[in-house]
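All of these numbers come straight from a predicted model, not from anything done at the bench.
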Amino acid sequence: MQILIVDDDATARKVLAGQLTQLGHETRTVASAHEAICSYQRLGADVIVTDWKMPGTDGLELCRRLRDTRSDASPYPYIILLTAHDGPDCFLRGMEAGADDYLVKPLDIRHLQARLIAADRVTTLHKRLFDASRTDALTGLANRLRLNERLAILREQVETSCQGITLALCDIDFFKRYNDRYGHLEGDLALWRVAEVLRNGVEGVGQAFRYGGEEFCLVIESLPPPATDTLEQIRKNLESAAIAHETSDLGILTLSMGASTLRPGDGKSGDQLLSEADTALYQAKSFGRNQLAPKAFERLSQRH
């Protein structure tokens, strides 16, 4: 597990980090509550082991702040509070502040090891629930909740890295006809096969999401023309897969796509990006489907 150790005593930090490393855990150490919050927000942690008594913000307040500031977009950290204070009142105060467990100093490493076994069970369960709530059960792609979280992160990264992104909404052409002709079980299989084409098409350059129904979203971490070249290749890859669709114009499953971009300084929200892509997707359909909207493609390429 990844364990963050918080203690203003340098010797105590070093000893505990050495003991936990010998037990097979990855450790990081910080000397204050402020450093702990910054470290957790930047790098995360499965377990946080913090001393109660520290100058300035103590371990009790650190527990409260970690619980108050933790984003739903990050897994749950298990917090173990270390203190020289004994007794049920102190234990209760620690748990009310947000700690998951409590150990009295001087620390017996075996007692901490036992707590870490429990922590592993709890954090593993939380991770499974966290991942399941952000994964589409049919296709295995990330879902719309994960898309919203990812866009929030990318919007900040665009401003700091000066690297833009391209977002595309993709719709399977005439999918209702497909379900009517082949049945919903075959429709589910078709969705899974399209998802694989999309997943493979953005590997190494972005991420694919199940947006809902027969709609997917692609987030590519570059701007046109490389990004739109990638989108065009994905569209052609699905054509090459030649998934039979007797009631479509071409006799195979195809994709319509609409794209939008986010550049440094644009200030667009995630909803604005999605709205622009949706408008472009409508344009692609009105131009005959199985394409990235011609006007959008031309406009995006010219802006590069």
Side-chain angles (χ1 to χ4, degrees), residues 1-134 145-146 148-149 152-153:
M1 289 187 294
Q2 293 185 347
I3 302 176
L4 176 62
I5 299 168
V6 190
D7 198 317
D8 63 304
D9 186 319
T11 301
R13 292 198 306 271
K14 183 177 180 179
V15 170
L16 184 54
Q19 291 173 321
L20 292 176
T21 299
Q22 287 183 345
L23 293 174
H25 301 290
E26 295 179 31
T27 63
R28 300 195 313 274
T29 64
V30 295
S32 69
H34 174 72
E35 291 178 78
I37 292 172
C38 292
S39 179
Y40 174 72
Q41 289 177 340
R42 186 166 54 91
L43 300 171
D46 299 314
V47 178
I48 299 172
V49 180
T50 180
D51 193 21
W52 180 322
K53 188 177 181 181
M54 294 185 292
T57 303
D58 63 15
L60 210 62
E61 182 60 23
L62 172 60
C63 290
R64 295 191 187 97
R65 292 188 184 180
L66 284 168
R67 295 306 182 208
D68 289 342
T69 60
R70 185 183 74 88
S71 166
D72 288 338
S74 60
Y76 180 88
Y78 194 94
I79 304 176
I80 300 174
L81 191 61
L82 306 181
T83 180
H85 303 295
D86 199 357
D89 290 341
C90 290
F91 178 78
L92 183 60
R93 286 179 63 196
M95 298 298 283
E96 288 176 340
D100 294 285
D101 216 325
Y102 178 99
L103 281 172
V104 178
K105 294 180 175 181
L107 182 64
D108 185 327
I109 192 61
R110 294 169 299 177
H111 291 171
L112 178 56
Q113 190 174 5
R115 266 55 174 199
L116 292 176
I117 292 171
D120 185 48
R121 292 171 182 162
V122 171
T123 56
T124 297
L125 177 59
H126 272 280
K127 285 177 183 177
R128 287 176 181 169
L129 294 172
F130 180 87
D131 290 341
S133 69
R134 287 156 174 80
L145 171 60
R146 196 51 170 160
N148 291 336
E149 292 172 347
I153 293 170

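Proximity of Leu16 to Leu82: side-chain heavy atoms (C-beta onward) are separated by under 4.5 Å at one or more points. Counting heavy atoms from C-beta outward, Arg65 and Thr57 have side chains that approach closer than 4.5 Å. Side-chain contact between Leu116 and Leu20 is present, with heavy atoms from C-beta onward closer than 4.5 Å. Inter-residue side-chain proximity for Val47 and Leu4 is flagged as unmet; no heavy-atom pair is nearer than 4.5 Å.
Contact check on Glu149 versus Arg146 returns a salt bridge, with a Lys/Arg side-chain nitrogen under 4.0 Å from an Asp/Glu carboxylate oxygen.
The line from CG of Leu66 to CD of Glu61 is 10.0 Å long, rounded to the nearest 0.5 Å. Between Gln19 atom CD and Arg110 atom CZ the span is 11.5 Å, to the nearest 0.5 Å. One distance of note links CD1 of Ile80 with CG of Leu107; it measures 9.5 Å at 0.5 Å rounding. Atom CG of Asp89 is separated from atom CG of Leu92 by 7.0 Å, given to the nearest 0.5 angstrom. One finds the CZ atom of Arg115 at 12.0 Å from the CG atom of Asp100 (value rounded to the nearest 0.5 Å). Expressed to the nearest 0.5 Å, how far CZ of Phe91 lies from CG of Leu103 amounts to 9.5 Å.
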Between Asp46 and His25, does a side-chain contact (heavy atoms from CB on, under 4.5 Å) hold up when you go through it step by step?
CA-CA 10 Å; Asp46 299 314; His25 301 290; over 6 Å; no

Stepwise side-chain contact (heavy atoms from CB on, under 4.5 Å) check, Cys90 with Thr83
CA-CA 9 Å; Cys90 290; Thr83 180; 5.6 Å; no

Can Ile79 and Arg67 be said to form a side-chain contact (heavy atoms from CB on, under 4.5 Å), step by step?
CA-CA 10 Å; Ile79 304 176; Arg67 295 306 182 208; 3.5 Å; yes

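In this structure, Arg93 places its CZ atom where only 12 or fewer heavy-atom neighbours from other residues, nucleotides or ligands lie under 6.0 Å away. Crowding of Lys105 atom NZ: a count of heavy atoms from other residues, nucleotides or ligands under 6.0 Å exceeding 12.
Side-chain N or O atoms of Ser39 include none that pairs as donor or acceptor with a backbone N or O of Glu35 at under 3.5 Å.
Classified by interplanar angle (parallel below 30°, tilted 30° to 60°, perpendicular above 60°), the ring pair Tyr76/His126 is parallel.
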